[in-house]
Amino acid sequence: DGGITQSPKYLFRKEGQNVTLSCEQNLNHDAMYWYRQDPGQGLRLIYYSQIVNDFQKGDIAEGYSVSREKKESFPLTVTSAQKNPTAFYLCASTPLGREPLTDTQYFGPGTRLTVL
Amino acid sequence: GDSVTQMEGPVTLSEEACLTINCTYTATGYPSLFWYVQYPGEGLQLLLKATKADDKGSNKGFEATYRKETTSFHLEKGSVQVSDSAVYFCGLGAGGTSYGKLTFGQGTILTVHP
C-alpha cells in the first residue's frame with residue numbers, strides 16, 4: 001500500500017534537546033511539507049520541499065530544520081531554539097503535476113511531540 | 001495574501017440533523033478549494049474538492065459548491081451521524097508557483113450526539 005508514514009506516533013523529550021521526526025512516502029510524490037497543529041490554531045506551515053536537496057521556509061520555520069536527501073524522505077528536526085515545541089506535527093506530500101489536481105495534499109498520521 | 005476563514009466551533013448536533021460549516025476565502029486568481037477531515041489522533045484526510053467556479057465536490061454524503069461570486073465553499077450534509085464527529089478544515093490551493101502549498105482555515109470541531 002502506498003502512503004505516508006510518520007514515526008514515532010508519540011515522542012517525549014526533555015527541554016533543551018534536539019529531536020528529529022521522521023516522514024517517509026512511497027507515493028513517488030515530488031513535494032513534501034511539514035505542518036504544526038496547535039489546538040484552535042489550525043495548521044501552520046513549517047517547511048516545504050519541491051525537489052531533492054532543495055527546501056523553503058514556511059510561515060513558522062524558526063527553531064526548526066529539515067533535509068531532503070532522498071525523494072521519499074523529509075525529516076524534521078525540532079531544535080532547542082524552538083521556544084514552545086509541544087505540538088502535533090503533520091507531514092504531507094503532493095505529486096506536483098502528475099495529476100490534474102496538483103494541489104491535493106496527502107497527509108501522514110502525525111507525531112505528537114511533548115517536551116517535558 | 002491568501003486566507004481562509006471558517007465558522008468558529010465547536011458545533012454540536014444530534015444525529016440526523018443538518019450540517020452547514022461556513023468557509024470563505026480570499027485569493028487572487030482561480031484557486032482550488034478543499035475540505036479535509038481529521039478524526040481524533042489522526043492526520044488529515046481529503047473529504048472533497050472543487051477546482052473551478054460552480055463545481056460541486058461531494059463524498060460520503062457531504063457536499064460543497066465553489067461560489068466565486070461570494071468567495072465561499074460551505075460544507076453541507078443533510079443528515080449527520082455520530083461517526084461524522086471530527087475536525088473539519090477548509091483549504092485553498094493557489095496553484096502555479098505556490099508549488100502545491102495549501103492555506104487552511106482554523107478548523108471546526110463537530111460533535112454529533114446519538
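Just so it is clear: chains get the letters A, B, ... in the order the sequence lines come, proteins before strands, and each one is counted from 1.
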Which bit of A:Gln37 is near chain B, if near means a heavy-atom gap under 4.5 Å: side chain, backbone, both or neither? side chain
Could you check A:Glu72, A:Glu24, A:Gln25, A:His29 and say which one makes a side chain to side chain donor-acceptor pair (under 3.5 Å) with A:Ser93? A:His29
What orientation do B:Phe62 and B:Tyr88 show, parallel under 30°, tilted 30 to 60°, or perpendicular over 60°? tilted
Turns out that what part of B:Gln38 lies under 4.5 Å from chain A's heavy atoms comes down to side chain
Quick check on B:Leu44 against chain A: is it the side chain, the backbone, both or neither that has a heavy atom closer than 4.5 Å? both
Within-4.5 Å side-chain heavy-atom neighbours: B:Gln6 and B:Trp35: yes
Looking at A:Arg44 and A:Asp38, is there a salt bridge between them, counting it only when a charged N and a carboxylate O are closer than 4.0 Å? yes
Using a cut-off of under 4.5 Å on heavy-atom pairs, state which of A:Pro109, A:Gly110, A:Gly108 scores highest against chain B. A:Pro109
